[in-house]
Amino acid sequence: MSYNFAQIEKKWQDIWDQEQPFACSDDYTKPKYYALVEFPYPSGQGLHVGHPRPYTALDIVARKRRMQGYNVLFPMGWDAFGLPTENYAIKNHVHPAQVTAQNIKRFKAQLKALGFSFDWSREINTTDPSYYKWTQWIFLQLFKHGLAYKAEMAVNWCTSCKCVLANEEVVGGVCERCGSEVVRKTKSQWMLKITDYAQRLVDDLDKLDFIDRVKTQQRNWIGRSTGAQVKFPTSQGDDLVVYTTRPDTLFGATYMVVAPEHPLIEKWVGSITNMDDVRAYQQKAAHKSDFERTELNKDKTGVQIKGVTAVNPLTGKEIPIFISDYVLVSYGTGAIMAVPAHDTRDYEFAKKFHLPIVEVVQGGDIEKQAFTDCDTGIMINSGFLNGMTVEQAKEAIIQYLEEKGIGAKKVNFKLRDWVFSRQRYWGEPIPIVHCDKCGYVPLDESQLPLVLPDVKSYEPTDNGESPLAHMEDWVQTTCPKCGGPARRETDTMPQWAGSSWYFLRYTDPHNDQALASPAALKYWLPVDWYNGGMEHTTLHLLYSRFWHKFLYDIGVVPTPEPYQKRTSHGMILGENGEKMSKSRGNVVNPDDVVREYGADTMRLYEMFIGDFEKSAPWNPSSIKGCSRFLDRTYQMFDMLCEGQIRPEMEGDFHRTIQKVSQDIEDMKFNTAIAAMMTLLNKIYDTKSVTREEFKIFITLLNPFAPHVTEELWEMCGFPGRLNQTSWPEYDPAKCVENTVEIAVMINGKVRAKLQVAADISEQDAIAAAKANDRVQEFLGNMNVVKEIYVKGKLVNIVAKP
RNA sequence: GCCGGUGUGUUGGAAUUGGCAGACGAGACGGACUCAAAAUCCGUUGUCAGCGAUGGCGUGUGGGUUCGAGUCCCACCACCGGCACCA
């Protein structure tokens with residue numbers, strides 16, 4: 001027989017709405033805990049069963065922390081700007097704001113039905129002008145500090161969204177969002193100089209408690225490498241500057257390659273004798289998308305620049321210069337020295353163009369292939385470097401280059417600046433105007449928020465302009481500086497803008513003087529525990545660290561990093577083990593689960609499904625186990641009797657408190673639940689439960705299943721509310737058992753089991769093991785070679801015939 | 001190609017980090033209750049051999065280290081995620 005979860009859950013949700021027990025206090029003298037989950041994009045489909053997994057996990061943490069006496073901030077809001085809403089609005093001829101409001105209403109009802117302990121008084125919405133006022137304000141600060149600039153450049157253009165994408169949004173050559181082809185397009189774009197922070201974004205990872213795979217992925221994305229910048233003189237008098245991570249191989253540089261877009265080519269036009277060929281190659285390269293360029297990586301192409309040569313500064317030899325699209329303009333200096341003997345790409349190119357290959361590190365067979373994995377090799381054919389190890393040569397050459405003034409040590413990053421413009425309607429307007437006289441001029445801060453105007457059509461344009469560009473009334477304005485006629489920026493910000501600082505707003509969400517008060521920021525920051533998806537590691541997570549560091553530099557926030565701890569959950573897959581999606585038809589709606597089993601069962605199952613960090617398939621029949629467990633918990637009320645913890649149950653209770661407490665900290669929610677199930681089974685075996693035992697049991701279970709446990713608390717007549725009580729303590733001394741079962745192994749195979757006192761001495765344990773009949777039988781007349789005793793675990797007797 | 005991760009019964013997954021593999025669930029089978037079914041309760045459930053006590057074999061594959069390996073080392077296979085001509 002099932003308890004009436006529908007009635008109980010509704011009852012407590014109403015009570016929580018009324019009593020607001022989860023609203024955090026503004027008493028800044030209390031110890032604080034800031035638990036954060038990524039706020040959702042309120043899509044038209046509503047919540048799916050993947051959302052509640054991280055929310056439940058941190059809800060458990062937040063509820064536990066409150067019981068431990070912390071002032072807990074556990075907020076929720078809406079990351080509501082974005083394309084799907086805009087597309088829906090276009091299709092159905094409704095204003096995106098209206099669509100957003102509807103979707104939020106649905107999401108909020110669904111979240112409330114799951115009993116999350118969010119502080120709803122701090123709800124935020126990125127599309128609210130009182131919110132995006134501050135997003136715009138931060139942009140103005142970036143602009144004023146030279147970190148936002150407009151640049152004409154080749155960008156990623158999604159052919160379907162008709163919109164520019166950031167590098168981070170292009171996945172495998174296609175649009176991350178819609179999967180359509182991405183092409184190169186030259187456009188004037190707002191850019192944010194995240195590259196200025198590359199070094200700090202890498203270095204500061206060391207101080208943070210992020211899970212390793214997040215750190216690794218961010219490090220790889222930022223891509224720091226250490227090498228040298230070297231000047232190669234040319235026949236034109238200009239130096240051709242290259243970046244290399246292998247300055248030790250400089251003697252082996254037998255030719256040079258510049259990117260097709262390299263600016264020196266234009267300078268050399270007059271001297272280049274095969275300009276037609278060069279131009280043809282440039283044209284071809286320009287028409288390839290990035291994807292096509294990398295597709296063709298098996299076959300190197302290129303053209304020699306005739307009429308211009310360079311000189312290897314160490315060998316003094318004249319060497320040819322090529323253009324080839326295997327060299328990228330956007331990395332390093334856009335030019336390389338080619339060392340075919342020790343670089344696979346250079347090797348292929350040299351073979352194809354019959355260029356000399358000079359071995360400078362001994363150990364490989366350069367007749368067959370480039371010798372790249374040569375850290376342990378010895379230098380040859382390298383003048384004063386001969387005989388050195390690669391490592392020694394690196395130091396020696398850099399010293400030499402610096403002394404002679406022809407090069408220097410240099411650190412490079414793969415990270416590029418952030419393309420910040422989007423040619424769409426449903427985003428934050430960029431608060432900049434363009435004046436023919438004054439250039440790009442920021443709006444005065446008093447003019448914020450610059451509100452998104454109503455337009456007739458949200459349809460993106462084919463010419464690559466934002467729908468806002470049609471709003472002549474809005475676009476035409478006056479220059480804040482000279483008062484002359486000027487035009488507003490019509491591109492909007494990317495979706496990542498609002499989410500780059502939202503966690504700051506939660507600390508003081510209604511402030512209209514600042515993005516948040518310094519006192520609130522000082523108290524609440526940094527976020528103590530932030531959980532979110534791996535897919536945001538090189539997007540939202542990196543962007544928000546960048547903005548935060550900038551805000552720290554200008555004195556707005558008190559900490560150099562926004563989040564102290566970052567964890568990530570695994571995805572919930574469909575029953576067939578595939579990613580849940582509408583097109584695969586394997587989407588599970590949480591509303592159905594709540595209706596059939598209740599929110600508490602749903603929460604419990606989401607946590608019991610498996611390792612929190614790994615993805616797991618949804619299995620509807622497995623939910624039954626969680627449902628039965630809660631039923632049995634409820635039925636336990638009928639076994640209730642007066643009294644403290646029974647002596648024979650003491651160890652079990654203390655161990656369970658210990659296990660559940662620790663497992664929550666380690667995100668091992670599944671084993672925490674298993675421990676509670678084991679305890680419940682044991683209680684059922686005794687057919688009774690004392691009030692004190694029951695109190696502990698439902699307190700431990702409360703963060704997982706808050707409704708039914710609160711109800712049971714009330715039914716028992718315990719004072720106040722369960723969520724206001726304190727987390728149970730355990731006594732380590734009572735966790736240890738006084739007798740333990742140890743295994744007796746002979747040559748590594750278990751042959752007997754013994755009950756012994758937990759503190760038995762090694763000698764006694766071994767003696768007891770040897771006295772055992774079965775052991776004697778197995779030992780027969782073999783010679784005991786060795787005896788091993790592992791305290792409380794086993795005795796292993798090694799014997800030979 | 002590079003970086004990261006995973007591989008355990010029929011099934012989702014445990015295993016104190018080198019110490020009794022399979023906790024806790026699901027499913028299946030047997031039984032109780034029931035006119036019957038559902039629900040609930042009790043029992044069995046890695047695999048092979050044996051009536052049995054018991055024994056052999058078992059954590060993707062092949063080697064190794066160790067008294068002892070799911071766990072450590074070497075080589076390989078499969079799958080998943082990220083990056084990808086980054087000099």
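Since we're looking at a predicted model, the values are computed, not measured. First the proteins, then the strands, lettered A, B, ... as listed; each starts at 1.
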**Item:** Interatomic distance at P, B:A26 relative to B:U44, whole Å
**Value:** 15 Å
**Request:** Examine A:Y605 together with A:Y597 and report whether their ring centres are nearer than 6.0 Å.
**Result:** no
**Rounded distance in Å - CG (A:D663) to C1' (B:A15)** = 12 Å
**Item:** For A:S661, the option from A:I657, A:D663, A:I664 that meets side chain to side chain contact (heavy atoms under 4.5 Å, CB included)
**Value:** A:I657
**Message:** Whole angstroms only, please: what is the CZ-P distance between A:R213 and B:G4?
**Reply:** 14 Å
**Prompt:** Centre of A:Y326's six-membered ring, under 6.0 Å away, within 45 degrees of the axis: is that where NZ or CZ of A:K300 sits?
**Reply:** yes
**Fill in**
The side-chain contact (heavy atoms from CB on, under 4.5 Å) partners of A:K579 (sequence neighbours excluded) come to A:M571, A:R584
**Message:** Say we look at B:U47 and B:G22: how far apart would their C1' atoms be, to the nearest angstrom?
**Reply:** 13 Å
**Sequence neighbours excluded, every pair satisfying side chain to side chain donor-acceptor pair (under 3.5 Å) that has a member inside residues 616-626 of chain A** = A:N619-A:S621
**Request:** For nucleotides B:G13 and B:U17, find the distance between their P atoms and express it as a whole number of Å.
**Result:** 23 Å
**Message:** Any side-chain to backbone donor/acceptor pair from A:Q776 onto A:K770? Under 3.5 Å, distance only.
**Reply:** yes
**Message:** Taking the C1' atom in each of B:U8 and B:C3, what is the distance between them to the nearest angstrom?
**Reply:** 26 Å
Under 3.5 Å, which donor-acceptor pairs do the side chains of residues 739-757 of chain A form with other protein atoms, sequence neighbours left out?
from, atom 1, to, atom 2, distance (Å)
A:N747, OD1, A:A799, N, 2.9
A:N747, ND2, A:A799, O, 3.2

**Item:** Atom-pair distance (NZ on A:K624; C1' on B:C24), nearest Å
**Value:** 18 Å
**Message:** Can you measure A:L328 atom CG to B:A84 atom P for me and round it to whole angstrom units?
**Reply:** 11 Å
For nucleotides 10-13 of chain B, print each protein N/O atom paired with a nucleotide N/O atom at under 3.5 Å, atom names and distance only.
from, atom 1, to, atom 2, distance (Å)
B:G12, O2', A:I609, O, 2.8

**Prompt:** Atom CZ of A:R219 and atom C1' of B:A84: how far apart are they, to the nearest Å?
**Reply:** 20 Å
**Item:** Atom C1', compared across B:G70 and B:G18: separation rounded to whole Å
**Value:** 11 Å
**Prompt:** Around A:K409, counting heavy atoms of other residues, nucleotides and ligands shown, do more than 12 lie under 6.0 Å from its NZ?
**Reply:** no
**Fill in**
Per atom distances to the A:R751 side chain, the nearest of B:C3, B:C24, B:G56 is B:G56
**Request:** On the 0 to 90° scale, with breaks at 30° and 60°, tag the A:F612-A:H569 ring pair as parallel, tilted or perpendicular.
**Result:** tilted
**Message:** What I want to check is whether an N or O donor and acceptor connect the side chain of A:K300 with the base of B:C85 at under 3.5 Å.
**Reply:** yes
**Request:** Pick the C1' atom in B:U6 and in B:U71, then give their distance to the nearest Å.
**Result:** 15 Å
**Prompt:** So do the side chains of A:F5 and A:V708 get within less than 4.5 Å of each other, counting heavy atoms only?
**Reply:** no
**Message:** In whole Å, I'd like the distance from the CD1 atom of A:I222 to the P atom of B:C2.
**Reply:** 23 Å
**Complete:** Given Watson-Crick and G-U pairs under 3.5 Å, RNA chain B in dot-bracket ([ ] crossing, | other strand) is (((((((..(((......[....)))((((((.......))))))((((....))))..(((((..]....))))))))))))....
**Request:** For atom NZ of A:K682, decide whether the heavy atoms of other residues, nucleotides or ligands shown that lie under 6.0 angstrom number more than 12.
**Result:** no
Under 3.5 Å, N/O pairs linking protein and nucleotides 30-33 of chain B:
none

**Request:** Establish whether the base of B:U16 is bridged to the side chain of A:K793 by a donor-acceptor pair shorter than 3.5 Å.
**Result:** yes
**Item:** Interatomic distance where CG belongs to A:N681 and C1' belongs to B:C42 [whole Å]
**Value:** 13 Å
**Prompt:** With a 4.5 Å heavy-atom cut-off, do A:P340 and A:Y255 have their side chains touching?
**Reply:** yes
**Request:** Whole angstrom is fine here: how far is it from CG in A:D325 over to P in B:C85?
**Result:** 11 Å
